[in-house]
Engineer: 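Just dropping this structure here.
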Number of protein chains: 2
Amino acid sequence: MKKLMSNLSIDNVIFGFDTELKVLLVKHAEGISKGKWALPGGWAHSDESLDDAATRLLFELTGLNDLFLEQLKAFGDLHRFPDQRVVTIGYYSMIRTNEVKLLAGFTASDVKWVSLKSIQKLPYDHNEILDFGLATLRNKVKQEPIGLNLLPEQFSLYDLQQIYEAILQIQLDKPNFRRKILKMGFLKKSTIKQTKVSHRAAQLFEFDQEEYMKYKTQKFLLDFKT
Amino acid sequence: MKKLMSNLSIDNVIFGFDTELKVLLVKHAEGISKGKWALPGGWAHSDESLDDAATRLLFELTGLNDLFLEQLKAFGDLHRFPDQRVVTIGYYSMIRTNEVKLLAGFTASDVKWVSLKSIQKLPYDHNEILDFGLATLRNKVKQEPIGLNLLPEQFSLYDLQQIYEAILQIQLDKPNFRRKILKMGFLKKSTIKQTKVSHRAAQLFEFDQEEYMKYKTQKFLLDFKT
DNA sequence: TCAAAAGTGTTATGATTACACCCATGA
DNA sequence: TCATGGGTGTAATCATAACACTTTTGA
């Protein structure tokens, strides 16, 4: 039997990437914010851990269940939620935009990807949560490899570079970026090459899962200026 | 009127330094852990923000009120607390050990500094919270200047080096450490020197508050191997 | 005198940056 | 042919690590 924790909710910041960095928003189908676009979230249950609650809610809203959600922090300003005292725990993750199946019927009536550049005022403190998520992502990108969950199996180095550029909001030098990333050794050459592109076909790469995970746990410092 | 949030608590990880890195523990005077040493914490109230709750609890237990507490994250495992479902929000801070006045009478019957090396099993998931706090501190140390709240007004470069060594658990090269820190420019020479030390008297330094704060907000990457 | 820490100097190595330059492909 | 991205090369600069060495002080 699922008992809601009436003063504790979860909000997920789900990043995606196609040509630019996007975030997943849902349109509330019920509750006091009915009709408004907001971060996908909901109430925590008393019979599940916070991590499980975040995973459950993400699944209910997007159909995804093999994602690694990482906690951002608790947001506990006194008046962040109207009428009631509610503390929310923020989580974030990254997924390929085309993996999200839009689900109707649950507490969300609609789901969409929104470019970070065109985000307007969100209800509650969702802008603050989103900003914190973005700051965390920017920090993350410098400490572990990123892209495994954002890119298809096969991708070019430029695809990866564009993710770094979108997240960090800077221009990177192509030759230097290539060398830096390849030297880390978590990419391996794919056997296939690009086709039907109106420029020289790029060597495609895949993530070397084992090396990728090694880097993810070991941590490193990756500093980018250009 | 203060209403407790019965499923939401705060736990503070307070680091201190004299000759080694220490953490502040209190002996519970009441509740189900009566008599046990644990992290200083307590219930959040519904009429205060989480940050305010952390600050209040720290003041009630140590007499300190001008400290900057930073949130670690929410700890929400299902069985972290017995009988009841309780989510706790971890906070951490750093203070000079001699600034803490031991207060009797409140919900803590005793307070003490414990070396991190001699920490045993703590109640609930307090070991996990402490470990997370330490990991956060280790990360922090590489991204902003540290020591302002841990050292007296005047200190030698070696004093500062020992803090870095205690936090990071590595040996640092003295000449290299001096240069690296001084180049950052948030230390200024004090007018006085050490006296009565059985070795060459060290130049003492002070934090240049303005430069220190600038570095704190700007962030940087400081990588140490030796 | 000796131990202990203060403080300076030097060198090899490697990372970072900022470019110039050529290659391949479809429109 | 041209734009677009793929891909290699290189030289200047800077940061880092390792370590040798001199200085000062009280015990």
Side-chain angles (χ1 to χ4, degrees), chain A residues 17-20 141-143 145 147 151-152 154-166 168 170-206 215 218-226, chain B residues 18-20 141-143 145 151-152 154-166 168 170-185 187-206 215 219-226:
Chain A
F17 183 83
D18 41 41
T19 57
E20 51 183 347
V141 113
K142 294 177 181 175
Q143 303 195 358
L151 288 167
Q154 323 266 343
F155 54 89
S156 74
L157 289 175
Y158 193 52
D159 293 334
L160 186 59
Q161 182 180 335
Q162 282 179 101
I163 290 181
Y164 276 83
E165 292 183 334
L168 295 175
I170 54 174
Q171 287 295 113
L172 296 174
D173 180 82
K174 182 160 45 110
N176 294 339
F177 179 82
R178 294 174 63 84
R179 277 185 288 256
K180 216 176 222 178
I181 293 295
L182 286 176
K183 192 165 36 138
M184 320 214 88
F186 53 77
L187 294 187
K188 59 183 179 200
K189 280 188 183 179
S190 164
T191 51
I192 62 171
K193 285 206 172 194
Q194 274 184 334
T195 51
K196 286 177 242 174
V197 283
S198 73
H199 54 74
R200 178 172 170 181
Q203 170 67 58
L204 294 180
F205 289 84
E206 294 171 12
Y215 266 91
Q218 277 181 355
K219 305 278 179 181
F220 55 78
L221 284 179
L222 189 54
D223 203 10
F224 284 118
K225 276 212 201 68
T226 68
Chain B
D18 43 40
T19 57
E20 51 184 348
V141 113
K142 295 178 181 174
Q143 302 196 359
L151 287 167
Q154 323 267 344
F155 55 89
S156 74
L157 289 176
Y158 193 52
D159 293 334
L160 185 61
Q161 183 180 334
Q162 282 177 102
I163 289 182
Y164 276 82
E165 291 183 335
L168 295 174
I170 54 174
Q171 287 295 112
L172 296 175
D173 181 82
K174 181 158 49 104
N176 294 339
F177 179 81
R178 295 174 61 84
R179 276 185 288 256
K180 216 176 224 180
I181 293 294
L182 286 176
K183 192 165 36 139
M184 321 215 88
L187 295 187
K188 59 182 177 199
K189 280 188 183 179
S190 163
T191 50
I192 62 171
K193 285 205 170 194
Q194 271 183 336
T195 49
K196 287 177 243 179
V197 283
S198 74
H199 54 75
R200 178 172 171 180
Q203 171 67 58
L204 294 181
F205 289 83
E206 295 172 13
Y215 265 90
K219 304 278 180 181
F220 56 79
L221 283 179
L222 189 53
D223 202 9
F224 284 118
K225 274 211 200 68
T226 68

Engineer: Rounded off to whole Å, could you give me the NZ-to-C1' distance for the K196(A) and dT4(D) pair?
Structural biologist: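 Nearest whole value for this atom pair: 19 Å.
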Engineer: Applying ring pair (Phe, Tyr, Trp, His ring centres under 6.0 Å), name anything that partners F205(A), two or more places apart in sequence or on another chain.
Structural biologist: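 With neighbours one apart ignored, the set is empty.
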Engineer: Distance check needed: dT8(C) P versus I181(B) CD1, whole Å only.
Structural biologist: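 So the CD1-P distance, I181(B) to dT8(C), works out to 15 Å.
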Engineer: Using the test side chain to side chain contact (heavy atoms under 4.5 Å, CB included), find all partners of P152(A) that sit at least two apart in sequence or belong to another chain.
Structural biologist: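 Side chain to side chain contact (heavy atoms under 4.5 Å, CB included) list for P152(A), sorted by chain: empty.
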Engineer: When the distance from NZ of K189(B) to C1' of dG7(C) is rounded to whole Å, what number comes out?
Structural biologist: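 Distance check: K189(B) NZ to dG7(C) C1' gives 11 Å.
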Engineer: Please report, rounded to the nearest Å, how far the C1' atom of dT10(D) is from the CG atom of D173(A).
Structural biologist: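 Distance, rounded to whole Å: 13 Å.
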Engineer: Figure out the CD/P separation between Q171(A) and dT17(C), and round it to whole Å.
Structural biologist: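 Distance check: Q171(A) CD to dT17(C) P gives 15 Å.
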Engineer: CD of Q203(B) to CD of Q194(B): how many Å apart, nearest 0.5 Å?
Structural biologist: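 Answer rounded to 0.5 Å: 10.0 Å.
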Engineer: By side chain to side chain donor-acceptor pair (under 3.5 Å), which residues pair with E165(B), not counting sequence neighbours?
Structural biologist: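 E165(B) satisfies side chain to side chain donor-acceptor pair (under 3.5 Å) with Q161(B) only.
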Engineer: Provide, to the nearest angstrom, the distance between the NZ atom belonging to K180(B) and the P atom belonging to dT8(C).
Structural biologist: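 K180(B) atom NZ is separated from dT8(C) atom P by 18 Å.
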Engineer: Look at K174(B) and dA18(D) and indicate whether a side-chain polar atom (N or O) is within less than 4.0 Å of OP1 or OP2.
Structural biologist: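 No, because none of the side-chain N or O atoms of K174(B) sits under 4.0 Å from OP1 or OP2 of dA18(D).
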Engineer: Need to verify one output field. Residue with the more 5' nearest nucleotide on DNA chain C, P175(A) or T195(A)?
Structural biologist: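 The 5'-side residue here is P175(A).
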Engineer: Taking CD1 from I170(A) and P from dA18(C), how many angstroms apart are they, rounded to a whole number?
Structural biologist: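 It works out to 11 Å between those atoms.
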Engineer: What are the residues of residues 154-163 of chain A, sorted by number, that bring a heavy atom to within less than 4.0 Å of DNA chain C?
Structural biologist: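 Hits under 4.0 Å, by residue number: none.
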Engineer: About how many Å separate CD1 of I163(A) and CG of D18(A), when rounded to the nearest 0.5 Å?
Structural biologist: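 That separation rounds to 10.0 Å.
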Engineer: Just jot down the side chain to side chain contact (heavy atoms under 4.5 Å, CB included) partners of E206(B), sequence neighbours excluded, or say none.
Structural biologist: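 So E206(B) forms a side chain to side chain contact (heavy atoms under 4.5 Å, CB included) with Q154(B), K188(B), S190(B).
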Engineer: At what distance, to the nearest 0.5 angstrom, does NZ of K189(A) lie from CG of L182(A)?
Structural biologist: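 Between atom NZ of K189(A) and atom CG of L182(A) there are 8.5 Å.
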Engineer: For the CG atom of L204(B) and the CG atom of D159(B), what is their distance to the nearest 0.5 Å?
Structural biologist: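 That separation rounds to 8.0 Å.
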Engineer: By ring pair (Phe, Tyr, Trp, His ring centres under 6.0 Å), which residues pair with Y164(B), not counting sequence neighbours?
Structural biologist: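 If we apply the ring pair (Phe, Tyr, Trp, His ring centres under 6.0 Å) test to Y164(B), skipping adjacent residues, the hits are F177(B), F224(B).
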Engineer: Could you list the residues that satisfy side chain to side chain donor-acceptor pair (under 3.5 Å) with R179(A), not counting sequence neighbours?
Structural biologist: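 Result, side chain to side chain donor-acceptor pair (under 3.5 Å) vs R179(A): N176(A).
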Engineer: Looking at every heavy atom in both Y158(A) and K174(A), which two are closest together, and how far apart are they?
Structural biologist: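 Shortest heavy-atom separation between Y158(A) and K174(A) comes out as CD1-CD, 4.4 Å.
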Engineer: Please work out which residues in residues 197-205 of chain A have a non-hydrogen atom less than 4.0 Å from an atom of DNA chain D and list them by number.
Structural biologist: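 The stretch gives S198(A), H199(A), R200(A), A201(A), A202(A), Q203(A) as the residues lying under 4.0 Å from the strand, ordered by number.
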Engineer: Between L182(B) (CG) and dA15(D) (P), how many Å, whole number?
Structural biologist: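 Those two atoms, CG and P, are 15 Å apart.
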Engineer: Please list each protein N or O that sits under 3.5 Å from an N or O in nucleotides 10-13 of chain C, with the distance.
Structural biologist:
{"from": "dT10(C)", "atom 1": "O4", "to": "R179(B)", "atom 2": "NH2", "distance (Å)": "3.3"}

Engineer: For dG6(D), does OP1 or OP2 lie under 4.0 Å from any side-chain N or O of R178(A)?
Structural biologist: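 False: R178(A) side-chain N/O out of range (4.0 Å or more) of dG6(D) OP1/OP2.
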